[in-house]
Amino acid sequence: MLKRQRKVNIVGSISSLLLAFLIANPLLSLPASALEEVIEMENDEVDTEGSPDYDDSISAQATTISTVNIAFEPSSASGTVTPIDSNGAKAKVDVKATVRVQNSGGYYVYLGSDSSQLKNGTNAIDSVASTTTYANMPVNRWGYSFAVGTAAKDAYSAMPATLRGAALDENTSTNIKDETRTYMLSFAANIGADKPAGTYRNSVAMSVVSSPMEITGLTTISEMQEMTADVCAASEIGETKQLKDTRDGKYYWVARLVDGKCWMTQNLDLDLSTSKTLTNLDTDLQGSVASYKPEYTTATTASSSTILANDTGQRSWSLGNYRITNPTTSSACGSKKASFADCPSQFTSYNTPTTANGDVNAHYIVGNFYQWNAATAGTGGTITSGQATSSICPKGWKLPESNTTAAGSFGGLIAASGIAGDVKKLTAAPYYFVRGGNVDQTSSTLLYGPGEGGLYWSSTPYSTASKAYYLSFDGDASIKPSQTSTRRDGFAIRCIAR
């Protein structure tokens, strides 16, 4: 395999605290304004110049940009002392720091400054010489403490005199999707009466340096909604995994197939409900379509009461939790069935997994049936060209196209695989298409042809507003990737990664 060299730039964020201790002269009455804001936060996201680059020798892998955010609370505070003798007076200031890192291949947290001193013009207060407690803080010394969590630690150290400073924390995992950590910083000083009154300051910098998360394919994700074009491209042909759909907790087999695209290799089994609105946060809703509220709750039987003979209808059916028992063999169950319970010789009970159980039988779950305008989340409507823009596939996925042999279409998959008309190959590994039949919108057919063939909607409308393209197969030697049918019929769904 050819390998390519790539520079991976370290990215990070720096936030600065303007730290100040106000030394009050006990003989003077200070106005309240003198005690105002002495800690200020400034946050700068940076592509850290001068950081070491990594020369990675990798094979067709990608990275995704890491983001870092640092926030301080409070964003302003005061530390005031009034020394009256040589023993000094103490003060301390606690600041909570929250660090959020996304898409990271590992990160480090640092604390530093351009000086280890608190300064007021030519006057200065040095850092402690060694770690000490607040009670034992030497006179005319100051320091900082650091702790993970929200409880301050009573162990004060010298402030480093460099911006990168001391390494406080790290996470060396190479696959950090989104992590937030909270730290407690405490700054303490003990100042003697020999120091002139005034404000002593130091600009303290907290920095987080993060490397980009390297995308290594399906192995790096666990949810359907985490799929991206980069994840698919970084996967090997034939790589497969069970991923969770966050909308209902069901798991689906997916794979990168020979056409170079990532497909669901299991039928969609999403129940729709009029009381649950799907959104673009977890569903394939594109552009201005931010949400989709189904017109009908998924029906549990195919009966005359669930027929909606309307080409813009949005019916769906869940006809029992079943899988096909002889997936590569054509064995028709007939027509006018209410559910898969009517076909016991072809189908057996099987629930869609709610864990990544590794069971290959899950490939052959029949899933649900959807009218075309339910499958397209209402965006198909009466269009006669282009593609339906959205679907009820998980976010990051979409319906395959049809009436073409381009990659990303049913025709493209059939062409790339060399299956031609061999239905046994289409229904076997690694494709696993299911002979689940379809729901026909007449009272004389209902659930039709389970065990014999399968029908799967595409996103492609036909030139007549009442029809759309789909994949069909039946028997042993009939595969048609660009068939057309009325949009009111109920077909299965296989999603493909965007």
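If you're wondering where the values come from, they're calculated on a predicted model, not measured in any experiment. All heavy atoms count here, side chains included; hydrogens, waters and symmetry mates do not.
Lys293 NZ: 12 or fewer foreign heavy atoms inside a 6.0 Å radius. Residue Lys467 qualifies as open at atom NZ: its count of foreign heavy atoms under 6.0 Å is 12 or below. The 12-atom threshold is not exceeded at OH of Tyr448, counting heavy atoms of other residues, nucleotides or ligands nearer than 6.0 Å. The environment of Lys424 atom NZ is dense: over 12 non-hydrogen atoms of other residues, nucleotides or ligands sit within 6.0 angstrom.
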| Criterion side chain to side chain donor-acceptor pair (under 3.5 Å) on Asp489 and Asn438, from CA distance to verdict | CA-CA 8 Å; Asp489 288 332; Asn438 67 289; 5.2 Å; no
| Trp457 vs Phe491, ring pair (Phe, Tyr, Trp, His ring centres under 6.0 Å): CA-CA, chis, key distance, verdict | CA-CA 6 Å; Trp457 281 126; Phe491 295 166; 4.3 Å; yes
| field | Verdict with supporting geometry, Phe433 and Tyr456, ring pair (Phe, Tyr, Trp, His ring centres under 6.0 Å) | value | CA-CA 9 Å; Phe433 280 90; Tyr456 290 81; 5.0 Å; yes
| said: What verdict does the side chain to side chain donor-acceptor pair (under 3.5 Å) test give for Ser330 and Glu452, after you've listed the backbone C-alpha separation in whole Å, the side-chain angles of each residue and the deciding distance to 0.1 Å? | reply: CA-CA 5 Å; Ser330 177; Glu452 180 180 7; 5.1 Å; no
| field | Working for side chain to side chain donor-acceptor pair (under 3.5 Å), residues Gln286 and Asp284 | value | CA-CA 6 Å; Gln286 302 297 310; Asp284 176 40; 2.8 Å; yes
| For Tyr183 and Phe146, what are the C-alpha separation, side-chain angles and deciding distance, and is it a ring pair (Phe, Tyr, Trp, His ring centres under 6.0 Å)? | CA-CA 7 Å; Tyr183 307 106; Phe146 166 84; 5.1 Å; yes
| task | Assess whether ring pair (Phe, Tyr, Trp, His ring centres under 6.0 Å) is satisfied between Tyr432 and Tyr364, documenting all intermediate values. | result | CA-CA 7 Å; Tyr432 300 104; Tyr364 290 115; 5.4 Å; yes
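Listed here is the closest heavy atom pair of Gly436 and Phe340: O-CZ, 3.5 Å. Across every non-hydrogen atom of Asn368 and Asp269, the tightest pair is OD1-OD1, 2.9 Å. Between Thr219 and Lys241, the shortest heavy-atom contact is O-NZ, 3.3 Å. Of all heavy-atom pairs spanning Ala420 and Ile414, the tightest one is O-CG2, 3.7 Å. Between Val231 and Leu218, the shortest heavy-atom distance links the atoms CG1-N, 4.1 Å. Contact between Pro353 and Ile365 at its shortest, heavy atoms only, is CD-CD1, 3.8 Å.
Under the 3.5 Å distance criterion, the side-chain polar atoms of Thr297 are matched with a main-chain donor or acceptor of Thr274. Looking at Glu73, its side chain never comes within 3.5 Å of a backbone N or O of Lys96 through a donor-acceptor pair.
Residues Asp282 and Pro394 fail the side-chain proximity criterion, which asks for heavy atoms closer than 4.5 Å. In this structure, Tyr431 and Ser417 have side chains that are in contact, with non-hydrogen atoms separated by less than 4.5 Å.
Here OG of Ser335 is found 7.0 Å from NZ of Lys337. Values are rounded to the nearest 0.5 Å. Rounded to the nearest 0.5 angstrom, Asn171 CG and Ser104 OG are separated by 7.0 Å.
With Met206 as the partner, the side chain to side chain contact (heavy atoms under 4.5 Å, CB included) test is satisfied by one option alone out of Val95, Ile14, Val109: Val109.
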